[in-house]
Amino acid sequence: MRTLEEQLRFLKRRAVDIIPERDLVKKLERSQRTGRPLRVKLGVDPTSPDIHIGIGIVLQKLRDFQELGHTAVLIVGDFTARIGDPSERASQRKMLSKDEVTANMKAYKEQALKILDPERTEFRYNSEWLETMDFAKLLELASKYTVAAMLERDDFAARFREGNPISIVEFLYPLAQGYDSIAIEADVELGGTDQRFNLLVGRALQERYGQEPQVCFLMPLLEGLDGAKKMSKSHGNYVGITEPPNEMFGKLMSIPDALLEKYVQLLTDLDWEELKQLHPKEQKEKMAHAVVARYHSKEAADRALEEFERVFARKERPADVPKLSLDKKLLKPDGTVWIVDLVSLVAKSRSEAKRLIEQGAVELDGVKITQFDTHVRVRDGMLVRVGKHTFAEISLTE
RNA sequence: GCCGGGGUACCGAAGCGGCCAAACGGGACGGACUGUAAAUCCGUUGGCCUAUGCGCCUACGGGGGUUCAAAUCCCUCCCCCGGCACCA
């Protein structure tokens, strides 16, 4: 058994803020004494079934709690998702059906359990208590919080000041999320730093409902691959934890250098002080390797590294190239094919295919083609390259 | 309810009868450069047609109309935003 001090140090790794730390100490101590595990809550959004490595950081922390014997409670925000998050603006306000939520969650669970210990994980849906909440109960909940307190949230305050609209539903959101903590009697709630306000509301509400307030445990947000916005699927700057090794590796290599230290610190156990002595490219490769190793395996990471070197550094042919089936009917009697016909098999449109050819993006067996008005003789197994990242191997079909 | 502003391509935003597939910026994509990237530079960015042509089709919230000609004018509907009014 680890000492309290060791546990605390273990849990504090990578945490940005723990509000308040003394409560965490108190809870850990009591748990150890009574043998009752802490209930550690994490709210998950069921609108997208993909877990990216940014969320992976938070899940790892949950895992840390589990290793100390505590219980992870994943709350699926199915009810709140069906209303649609008002902060995401009208275009995003898609209502999810029950079926969609179920399907998303199935995928989500599978991925989350790559990190979490299934023995110590509870999945709960917040529709369980929110859907059946009647108006009287809602009024009770609403009475526990004030407008002034709501306006402490920065973006509310700013919008209010500037006369921009804030819908009532937006006020209800933190309340609903906070109520989740009451429903499952959370001891600790994890979240990204963007969740600070919401987690604090949960803490306050629990107290007003006569519960012991939760500890708010804030984890850093991972910036996306572009280094500008936070990692998220909607920004297209993310790495999913189930992505194939090569893809994961490649994406991680594409981050700007300025982001490297953060990635190393948040995603790997590498020693940054030591690492930064190396050539920048090597630093990045080590980081990418470590991440791939974590979500796949050491062997997969080795292969991904080797593959990356081969394709991008030495500009050689990748090990695995998808087959591109080419119908023999497209061939002219003399066995050639019009280059535009060929490229449009991998391009969005024929116009795009033509553009790519003229821009010198197309290579056949290493030979660059820049005239769209050409016919080429193809053979089975010929390597087609379009741009930096698209490779295909022709296979002729009847 | 009233008054005013607005809805343009992936996003932001100009255009306000023909020269508009629509300036400009961002993004994305391609090329050069590199350390793989970033930065920088150059180019592309609705679709179709063997194809750089004063080519064809579709497109400026939906529908209808005026006109030789509409993103641009008129009617109508929908949606968004702001102000006023209302406020037990």
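Keep in mind the model is a prediction, meaning the values are calculated, not measured. Chain letters run A, B, ... following the sequence lines, proteins first, then strands; residues in each count from 1.
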Considering only atom [atom1], compute the distance from [N] to [M] and round it to an integer number of Å.
N	M	atom1	answer
B/rA13	B/rA85	C1'	34 Å
B/rU44	B/rU52	C1'	14 Å
B/rG12	B/rU67	P	36 Å
B/rG25	B/rC77	C1'	34 Å
B/rA70	B/rA21	P	12 Å
B/rG62	B/rG7	C1'	12 Å
B/rC74	B/rC86	P	34 Å
B/rA39	B/rA28	P	9 Å

Under 4.0 Å, counting only non-hydrogen atoms across every strand here, what does [X] touch: a base, just sugar-phosphate, or nothing?
X	result
A/His389	nothing
A/Lys332	base
A/Ser351	base
A/Lys284	base

Considering every strand shown, what is the Watson-Crick or G-U wobble mate of [N] when both distances are under 3.5 Å?
N	result
B/rA28	B/rU44
B/rU67	none
B/rG1	B/rC84
B/rU34	none
B/rC60	none

Would you say [X] places a side-chain N or O within less than 4.0 Å of OP1 or OP2 belonging to [N]?
X	N	result
A/Arg355	B/rG47	yes
A/Lys368	B/rA32	yes
A/Lys354	B/rA51	no
A/Ser349	B/rC48	yes
A/Arg350	B/rC49	yes
A/Ser254	B/rU36	no

Rounded to whole angstrom units, what separation is found between the [atom1] atom of [X] and the [atom2] atom of [N]?
X	N	atom1	atom2	result
A/Arg310	B/rG35	CZ	P	21 Å
A/Asp257	B/rA39	CG	P	11 Å
A/Ile357	B/rG31	CD1	P	13 Å
A/His375	B/rU50	NE2	P	10 Å
A/Lys388	B/rC33	NZ	P	11 Å
A/Phe372	B/rC49	CZ	P	12 Å
A/Gln283	B/rA38	CD	C1'	14 Å
A/Met253	B/rU36	CE	C1'	5 Å

* **Aro-ring/base stack A/Trp338-B/rU50, d under 5.5 Å, angle under 30°** =>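 One would call A/Trp338 stacked on the B/rU50 base.
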
* **Sole residue of A/Glu189, A/Arg39, A/Arg203, A/Glu207 in side-chain hydrogen bond (donor to acceptor under 3.5 Å, both in side chains) with A/Gln214** =>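 Of the listed options, the one satisfying the test is A/Glu189.
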
* Asked: Is the A/Tyr108 to A/Phe123 ring centre distance short of 6.0 Å?
  ->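 Ring centres of A/Phe123 and A/Tyr108 not closer than 6.0 Å.
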
* Non-hydrogen atoms of A/Pro220 and A/Val16 that approach each other most closely ->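 Nearest heavy atoms, A/Pro220 then A/Val16: N-CG2, 3.4 Å.
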
* Taking all non-hydrogen atoms of both residues into account, name the closest pair between A/Glu185 and A/Gln206 and its distance. =>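 Reported closest heavy-atom pair: C-NE2, 4.3 Å.
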
* When the nearest nucleotide of RNA chain B is assigned to A/Val386 and to A/His279 on a heavy-atom basis, which residue is associated with the more 5' position? ->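 Between the two, 5'-proximity favours A/Val386.
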
* Contact nearer the 5' end of RNA chain B, comparing A/Glu352 with A/Pro280 ->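 Closer to the 5' end of RNA chain B: A/Pro280.
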
* To do: Please confirm whether A/Lys144 makes a cation-pi placement over A/Tyr209, using NZ or CZ under 6.0 Å from the six-membered ring centre and within 45° of the ring normal.
  =>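 Checked: cation-pi criterion met.
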
* To do: Measure from NZ or CZ of A/Lys284 to the centre of the six-membered ring of A/Tyr263 and say whether it is under 6.0 Å with the direction within 45° of the ring axis.
  =>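 The answer is no, since A/Lys284 fails at least one limit relative to A/Tyr263.
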
* No-H, no-angle donor-acceptor pair, A/Gln359 side chain to B/rG31 base, under 3.5 Å ->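 Checked by distance alone, the answer is no.
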
* Hey, is the main chain of A/Asp117 close enough, under 3.5 Å, to the side chain of A/Gln66 for a donor-acceptor pair? ->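 The answer is yes, because a donor-acceptor pair under 3.5 Å joins these two groups.
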
* Assign the ring pair A/Phe65 / A/Phe217 to parallel, tilted or perpendicular, where the plane angle (0 to 90°) is split at 30° and 60°. =>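 Answer is perpendicular, since the angle exceeds 60°.
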
